[in-house]
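One-based numbering along the sequence shown.
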Amino acid sequence: MSVASCTRLTKAATSLAVLLFVSLILAPKAFAQASASLSGTVVDSSGGAVANATVTVTNLKTGAVQTTTTDDGGRYQLSGLPAGRFEVRVAKPGFARETRARIRLAVGQDPTVDLKMDLSTTDAHLGTPETKPGTPDVCASGHEFLTSDCTLTWHGITVYGAYDVGVGWVSHGLPENGYNYEGESLINRNGYEHRFLIAPNNLQQTGLGVRGKEQFARGWSFVFNASSGINPQSGLLANASATDFINNGLPRSSYSMAIDGARAGQPFNDEYYLGISSDQVGTLTFGRQRSLGTDAMLQYDPAGGSYAFSYVGYNGTMAGGGDTEDSRWDDALKYRLTYGPVHFGAMYKFADGSGGCYSASSTWTAATCSPESAHNNAYGIDFGGAYRKFSGDVVYQHYNQAISVLNPLLGPQSLSAPYQSTTDSINTNPITGSNLIDTTNTLYGIVTDNNAVMAAARYTWDPVKIFGGFEWVYYANPTDPLGVGASDQGGYLLSGVEDNNLDSPKVVQIWWTGAKYAVDKRTDLTGAWYHQQQNDFRRPSTCSPESYRASCAGDLDEVSFYADHHFTRRLDGFAGVAYSWVSGGLGIAIPHGPGVPYRYDSNMAPTVGARFVF
């Protein structure tokens with residue numbers, strides 16, 4: 001080949017390369033001028049980024065679909081979209097799907113569409129899984145119901161639920177009854193024997209619910225929810241109060257499992273509320289609702305409030321701001337707002353029920369006690385936010401006339417209060433003369449005014465999520481006392497009441513931490529540690545191992561570990577163990593008498609089970 005030919009060939013190649021380079025530069029610009037892009041960020045209800053969520057964009061005219069997956073920061077982007085109207089949908093196992101409809105794109109636009117996903121509640125303490133009402137992916141067949149996470153939705157109303165049951169063994173337990181919904185994983189003051197048992201509601205509460213969301217104006221919707229917990233081993237409504245009064249008057253050695261809690265056999269013992277929701281100004285609801293502390297506990301407990309593997313889920317003291325019965329508030333207003341990476345919540349409970357009949361006299365009668373009004377109002381506030389892989393919340397709650405039911409009414413075998421099961425009493429003073437109310441199916445309550453501050457956080461370091469939190473609770477004798485006949489959860493009455501139980505203010509501190517490791521898309525490993533500590537509020541302070549009272553300083557600890565494997569989107573199996581122990585004043589069995597301890601100071605509880613959600 002001649003030099004001239006080589007020169008011409010070199011010039012042609014150079015020209016072609018320049019033309020190709022210019023084409024590569026200009027082509028995307030020309031394409032972009034004829035198309036649009038869409039991007040945004042997906043976050044959870046606390047503002048934390050949701051990684052690995054599937055984002056689906058559907059052209060409402062042609063039906064064409066494009067999908068992508070969010071990155072570690074919850075971000076997604078889709079380009080090359082034609083002008084038109086689109087629907088954006090985001091989905092991820094463990095979350096309720098979120099949809100944005102009627103998004104209009106013009107040529108050259110690159111709008112931002114951010115989405116917030118609510119968790120499908122996997123908390124044992126607080127109810128059944130949530131699926132956003134109005135989600136368009138409804139179940140079209142029985143096969144689809146079994147193999148996907150479609151919703152049972154008709155005309156904007158969704159039915160949801162769960163069934164969670166297993167087999168467990170406890171080193172120091174009690175005979176079971178059909179009302180107990182928490183199982184026996186945590187150490188119990190009356191537990192005395194090792195035994196196998198049917199373990200209910202391990203990762204979440206078995207139950208049914210119905211919820212709805214109906215738009216009445218652009219950006220505004222009516223919302224409602226009604227849900228209830230059921231015991232899988234008996235089919236009975238979850239009823240903590242019944243676990244106590246069925247043991248009234250029995251000797252301690254004859255007790256079946258007795259607990260305290262907010263579920264007390266109500267038709268809707270989880271939640272029932274209605275309200276309005278706006279895309280811009282938040283959601284306002286009224287009715288029976290989970291407290292702000294309960295919401296935070298779901299977000300920041302590594303075990304998600306599991307009864308089988310979480311102290312703060314089983315006990316509920318942290319969620320209820322000092323009292324497990326206050327994990328749900330009746331007659332309450334609740335407001336929630338999310339603005340970018342931050343969120344805000346506020347809640348107020350109106351006083352309700354009866355205050356009973358009260359007397360400060362040690363020789364009171366039905367004629368000399370004075371009727372009391374209920375002053376059990378409460379309020380709380382929550383501030384939280386997220387930054388990249390970190391999220392956190394701070395919650396304050398105040399509750400007046402909080403009621404704690406610690407044991408069945410004591411009978412003739414009791415060393416300190418043999419009268420309780422047959423006789424009304426106020427501040428351990430039995431009534432003189434005839435009872436004011438019959439003691440059948442009644443409770444014995446200790447009343448306090450509670451203040452609680454909680455701080456909790458979560459950090460995602462794929463494939464690990466790290467959790468931690470702290471709560472400080474301050475208890476004082478109530479400003480306004482309750483009397484015999486005062487009403488408790490579920491409308492049950494107190495035939496025995498203590499308004500002066502504290503010698504001085506009681507302070508409880510709760511710490512917890514743990515981690516969840518995603519082995520793969522189907523399997524998680526979770527480990528957690530929980531610690532509760534109370535001060536010495538006995539006056540005079542004469543606490544020693546030989547003279548411990550329940551008012552002495554003490555500690556309670558629990559450690560747990562479990563594996564959870566999802567066979568399908570609805571069915572998972574789990575296996576794990578919890579070990580708990582007490583010491584000091586927290587190891588005294590209130591109110592059996594001065595210095596009467598727990599029968600055993602530790603409990604080992606391995607559990608294996610399965611859960612089906614819909």
Side-chain angles (χ1 to χ4, degrees), residues 239-242 244-249 258 260-262 264-266 288 320 322-326 329-331 349-378 398-412 414 416-450 475-503 506 590-591:
N239 193 335
S241 298
D244 285 288
F245 66 63
I246 63 173
N247 289 300
N248 283 350
D260 192 13
Q266 305 96 326
R288 176 177 170 86
D323 191 335
T324 186
E325 290 198 7
D326 302 328
W329 294 5
D330 289 320
D331 297 324
K349 178 193 178 301
F350 295 91
D352 65 330
S354 169
C357 197
Y358 174 77
S359 173
S361 172
S362 60
T363 57
W364 68 284
T365 68
T368 59
C369 66
S370 301
E372 295 287 332
S373 298
H375 297 276
N376 56 343
N377 61 312
H398 174 84
Y399 202 105
N400 292 318
Q401 293 181 335
I403 298 172
S404 180
V405 176
L406 298 174
N407 249 314
L409 296 176
L410 303 181
S414 168
S416 61
Y419 54 83
Q420 282 186 4
S421 63
T422 58
T423 308
D424 298 342
S425 65
I426 300 174
N427 295 331
T428 70
N429 297 313
I431 190 170
T432 301
S434 300
N435 278 339
L436 181 68
I437 65 170
D438 185 2
T439 59
T440 303
N441 294 348
T442 61
L443 305 168
Y444 190 94
I446 292 174
V447 187
T448 54
D449 290 345
N450 300 344
Y475 302 79
N477 290 327
T479 301
D480 298 291
L482 291 178
V484 166
S487 51
D488 194 19
Q489 287 278 5
Y492 291 107
L493 302 182
L494 302 181
S495 62
V497 60
E498 285 187 43
D499 299 292
N500 64 352
N501 180 262
L502 305 180
D503 296 340
K506 172 183 173 182
I590 306 172

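Counting heavy atoms from C-beta outward, Y444 and S425 have side chains that approach closer than 4.5 Å. Annotation: side chain of Y399 is not in contact with side chain of D323 (no heavy-atom distance under 4.5 Å). Counting heavy atoms from C-beta outward, D260 and L406 have side chains that stay 4.5 Å or more apart. Side-chain atoms of F245 and T442, non-hydrogen and from C-beta on, never get closer than 4.5 Å to each other. Within the 4.5 Å cutoff, the side chain of I403 has heavy atoms near those of the L482 side chain. With a 4.5 Å cut-off on side-chain heavy atoms, Y358 and N427 count as touching. Between T423 and N435, some side-chain heavy-atom pair lies under the 4.5 Å cut-off. A heavy-atom distance below 4.5 Å is not found between the side chains of T439 and N248.
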Residue pair N377, K349: steps toward the side-chain contact (heavy atoms from CB on, under 4.5 Å) verdict: CA-CA 5 Å; N377 61 312; K349 178 193 178 301; 5.6 Å; no
Under the side-chain contact (heavy atoms from CB on, under 4.5 Å) criterion, do Y419 and T428 qualify, and how do the steps go? CA-CA 10 Å; Y419 54 83; T428 70; 3.7 Å; yes
Kindly determine whether D480 and N400 satisfy side-chain contact (heavy atoms from CB on, under 4.5 Å), including the steps that lead there. CA-CA 8 Å; D480 298 291; N400 292 318; over 6 Å; no
Taking it one step at a time, do V484 and I431 satisfy side-chain contact (heavy atoms from CB on, under 4.5 Å)? CA-CA 10 Å; V484 166; I431 190 170; over 6 Å; no
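To the nearest 0.5 angstrom, S359 atom OG is 8.5 Å from N429 atom CG. The CG atom of D330 lies 5.5 Å from the CG atom of D352; values are rounded to the nearest 0.5 Å. The distance from atom OG of S487 to atom CG of L443, rounded to the nearest 0.5 Å, is 11.0 Å. One finds the CG atom of D438 at 8.5 Å from the CG atom of D424 (value rounded to the nearest 0.5 Å). Atom-to-atom distance recorded for T422:OG1 and L409:CG is 9.0 Å, nearest 0.5 angstrom. A distance of 9.5 Å separates CG of N477 from CD of E498, quoted to the nearest 0.5 Å.
Across D244 and P408, no two heavy atoms sit closer than the pair O-CB, 3.3 Å. E325 approaches A262 most closely through the heavy-atom pair O-CB, 3.4 Å. Across every non-hydrogen atom of L436 and A366, the tightest pair is CD1-CB, 3.8 Å. In terms of heavy atoms, Q489 sits closest to R288 at OE1-NH1, 3.1 Å. C357 approaches P371 most closely through the heavy-atom pair SG-N, 4.0 Å. The shortest non-hydrogen separation linking G411 to S421 is CA-OG, 3.6 Å.
Donor-acceptor pairing under 3.5 Å is recorded for the side chains of Y492 and N239.
Under the side-chain contact (heavy atoms from CB on, under 4.5 Å) rule, P478 has a single partner from D499, N500, N450, N501, which is D499.
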